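Notes to accompany the following structure.
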Amino acid sequence: LAQQIPISLSQMSDHALIQAMAGGHTPALDELYARFGSAVFGFLVARTGNRPLAEEVVQDVMLAAWQGAAGFRGESKVLTWLLSIARNRAINAQRRRDVPLVPYNDALDSPTDDTGPLEKVVRSAEQRAVREVLEKLPAHQREVLVLVFYHQLTEIEVAEVLDIAVGTVKSRLYRGKETLRKVLQSEASF
Amino acid sequence: MHEKWLDLIPYYVNRTLPDDERAAFEHHLTTCDTCRRALEEWHAVAGAVRVEVDRWAREAPALSARVRANLGLPASSNGHSHYRAAFDPNQTVSVYTSRRSRRVGGRIRLPLTLVAAAAVALTFGALLLYIASRGDKSPARLSADVEIVTLTPTRTPRPAVTLGAITATPVYTLPGPGPTTDDLGILPLPKTPTRYVPPTPTLAATPFPYASPLIPTPTIYWPPTPTAVYGDGIGIGYVMVTTEQVGPIPAGARVRVSHAWYDGSSWIYAIMAEDEVSYAEARTWQLAYAPGYTPGPIPTAAYQAAIGAGAVMVTTDQVGAIPVGTRVRISYASYDGYGWLYYIAPPGVPEVVEAHEWQIAYAPDVTPGPTPTAFFDAQIGSGSYLRTTEQIGAIPAGARVRIGSAWFDGMEWWYTIVAEDGITSAEARTAQLTYDTPPMSSYTPTATPLTSVTIKAYTATPQEAAYGTTITLGWQIIGPARVSIREILASGTYGQWYTDLPPEGTLNVIAPASGDSITYQLIAEDATGVAQTEQIRIALHY
């Protein structure tokens, strides 16, 4: 029989990929991670505000996805399924370790005197502005903004992922925007 | 009433509104200043969020050794070791092209088209710009006296880049409908941190398709965003050079444009030098196309038809460790701005090696042609059922099956089919499957066991359980290679899956706290994956 060539994995739909994982096809997990790893990681950073924790939890999420692949019923997008797992794993990890929510820039911006070119880039005025604006948001507002504008989820999908009411999504989204707007306007007045 | 429109705006911006609501909203926008102002604000918010999260996401770690060990995966993923090989400072172009080819997301049926698209799309924004600027063909020329300098790495590259496994820099391509020119307004935040510049208005790009004959549409003019001069140079490798010192990057350095944005008056290009450390933001006049690079649409790969079509190629040169004259397949291809690179491997070898067009040719017995579409293309991964026309492996004729995946071996399509029990699988040709028709017999997985595995006993105590109490499952199986027990909840969804159980033993499980029953499915597989199953249903009560 012909060998299963790698291209077939990348050709698979997201749902087929989960089926392949449920069937024990381990390379499918790599493909899944290539497709969604950074999206899940981005969400975890937004949610936990703690990058080392996010780095660890994203691994848990992939393991859980592997173990739960057979239970995936294909009624939601694979992305929202993974994000729901990520939310649960993040809660568990924070509870287990009693990790407080720290402003995520503390984790990202470790105090170092290294002022190499890369750091200069990171500290360029523009990026700092974006980051400072986002960092001022409470995590629960930030994660809603991220799910809507980065992950491009619908209101209902955001509610499902975060296990909150649609009305809560609405209010968090608005408060998040209001916070951002205030910061942007106060900067404009300088 | 107005609240309703305001609530829609975030989802208009993230492009998830249904067509009818989108059209209605666009129509409403023509008459509503409040909504237009709100739309601009949301665009700014969306741009800020995307830029920042994209930066975090790019630093996602590789899959850890812990996860890999848990699954029995090698420490570095097979089939993707070229990422490590590719991170050679002298081959940075191929690094980025190969990385980009991993960024393909979603359902893909035409590998080359997507590789080409991915090769262009270093960032989402780059893709937008690329699309927006295809019509622009007025590149500046590099003056002859600019000397090309090569920047060498001055520090260790970022860890996410050097890990080398498949997961080194997984970058997520935004799902959803393809970008159009009106996305240009949601590119990064205003340039200067001290002044809020609203993003370029986006409405002019798409005419309102929704015009009521009763309400005349007022004419509103918004100046369109001009296209980027170097739109063709974005995201496809080091195809630009600097014409003067830009930030830390000297004149004449080869750079790649990672993305670009319009600040309301001119385009600004985010450029990265070959050392992958030196970064700057350049204006149009500070850049030119590199000598030898011809801007324009990406040409078609010469061996497009061979990509993913099995071992139909032969090496005409020693390529890495692959000797001349070896039959190879092309896993995928990428475009680096100069030519196509093909990632090849002999049959059965997972590691791919990068080859140039001149290093491979069609095998003598192969007539090149496009890969045909799979006959059951629409059923692949769709969950819809087909029937077998004959016995295939452990699956009898007439059984309802689903297609999990499919591949083309160079001659014909093969389908991985899974029976209704969700476990028994086989590989089928097109002729062995047919569309599901009601009169055929229903397949029960235990009907025709083609395996030596026998479930001697499977018990549960008690037969009825109170919520949250312990249930003891016991089993005895002859000759299994793998034993597992899967929970099937009253809703029909799967719960816990207990794996790696011994051939004979007991397991204490906790009854769920809701539902009127729970079913425990015992799955005993032989070494080839053929399974015997048995189920016990436990009634639940308070």
Side-chain angles (χ1 to χ4, degrees), chain A residues 1-8 10-13 15-16 19-20 23 26-27 29-30 33-39 41-42 45 55 59 62-63 66 70-71 73-74 79 116-118 121 125-126 129-131 133-134 145-146 148-150 152 154-155 170 173 177 180-181 184-185 187-188 190, chain B residues 10-11 14 16 41 45-46 48-53 56-57 60-61 63-64 66-67 70-71 73 77 79 102 105 107-108 111 155 166-167 170-172 174-176 189 191 193-196 248 277-279 308 310 329 331-332 347-348 380-381 383 404-405 407 409 414 425 427 493-494 497:
Chain A
L1 191 64
Q3 75 283 355
Q4 194 132 8
I5 50 179
I7 194 78
S8 66
S10 64
Q11 279 180 307
M12 279 187 191
S13 71
H15 285 86
Q19 284 188 355
T26 45
L29 185 72
D30 274 332
Y33 193 69
R35 286 188 199 176
F36 296 108
S38 53
F41 182 70
V45 174
E55 284 180 4
Q59 313 287 347
M62 297 319 285
L63 203 52
W66 172 261
R73 298 191 68 201
L79 175 64
L118 188 65
V121 173
E126 176 199 350
V130 174
R131 183 192 298 178
V133 170
L134 274 186
L145 285 171
V146 167
V148 171
F149 295 115
Y150 183 77
Q152 289 188 297
T154 64
E155 196 170 51
K170 215 166 270 176
L173 195 59
K177 188 193 79 164
L180 282 179
R181 194 167 62 87
L184 287 169
Q185 281 177 343
E187 284 186 357
F190 279 119
Chain B
Y11 304 96
N14 84 355
T16 57
E41 281 185 2
V45 169
V49 169
R50 284 189 198 172
V51 170
E52 184 61 8
V53 181
W56 306 339
L63 265 191
S64 75
R66 174 170 65 88
V67 175
N70 244 308
L71 307 184
L73 283 170
S77 165
R102 299 301 319 161
R107 183 180 167 88
I108 298 149
R155 44 172 281 153
I166 173 181
T167 47
V171 184
Y172 172 62
L174 287 172
L189 256 199
K191 179 84 184 69
T194 52
R195 195 174 131 259
Y196 172 60
V277 173
S278 307
Y279 168 94
R329 61 189 158 79
S331 273
Y332 59 95
I380 299 167
S405 61
W407 72 97
D409 69 358
W414 290 84
S425 68
E427 285 160 346
T493 52
Y494 289 118
W497 196 350

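Every value quoted in this text rests on a predicted model; they were computed, and no experiment measured them. Proteins come first, then strands; the chains are lettered A, B, ... in the order of their sequence lines, and each starts at number 1.
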- Item | Top contributor to chain B interface from A:Glu155, A:Arg73, A:Glu55 [non-hydrogen pairs under 4.5 Å] | A:Glu155
- Take A:Thr154 and B:Asn14, measure what side-chain contact (heavy atoms from CB on, under 4.5 Å) needs, and give me the verdict at the end. CA-CA 8 Å; A:Thr154 64; B:Asn14 84 355; over 6 Å; no
- Kindly give the heavy-atom pair with the smallest separation between A:Ala70 and B:Trp497, and that separation in Å. CB-CZ3, 3.1 Å
- Message: Quick check: do B:Pro61 and A:Gln59 have side-chain heavy atoms less than 4.5 Å from each other?
- Response: yes
- Given side chains that start at C-beta, do those of B:Leu63 and A:Leu29 come closer than 4.5 Å, heavy atoms only? yes
- Message: On a heavy-atom basis, which atom in B:Ala60 and which in A:Tyr33 lie closest, and how many Å separate them?
- Response: CB-OH, 4.4 Å
- Note on the structure: Taking every heavy atom of A:Phe149 against every heavy atom of B:Pro10, the minimum-distance pair comes out as CE2-O, 3.6 Å
- Residues A:Leu145 and B:Val49: closest non-hydrogen pair is O-CG1, 3.8 Å
- Task: Step by step, work out the side-chain contact (heavy atoms from CB on, under 4.5 Å) result for A:Leu173 and B:Tyr11.
- Result: CA-CA 11 Å; A:Leu173 195 59; B:Tyr11 304 96; 3.6 Å; yes
- Side-chain contact test, heavy atoms from C-beta onward, threshold under 4.5 Å: evaluate it for B:Trp56 versus A:Ser38 and give yes or no. no
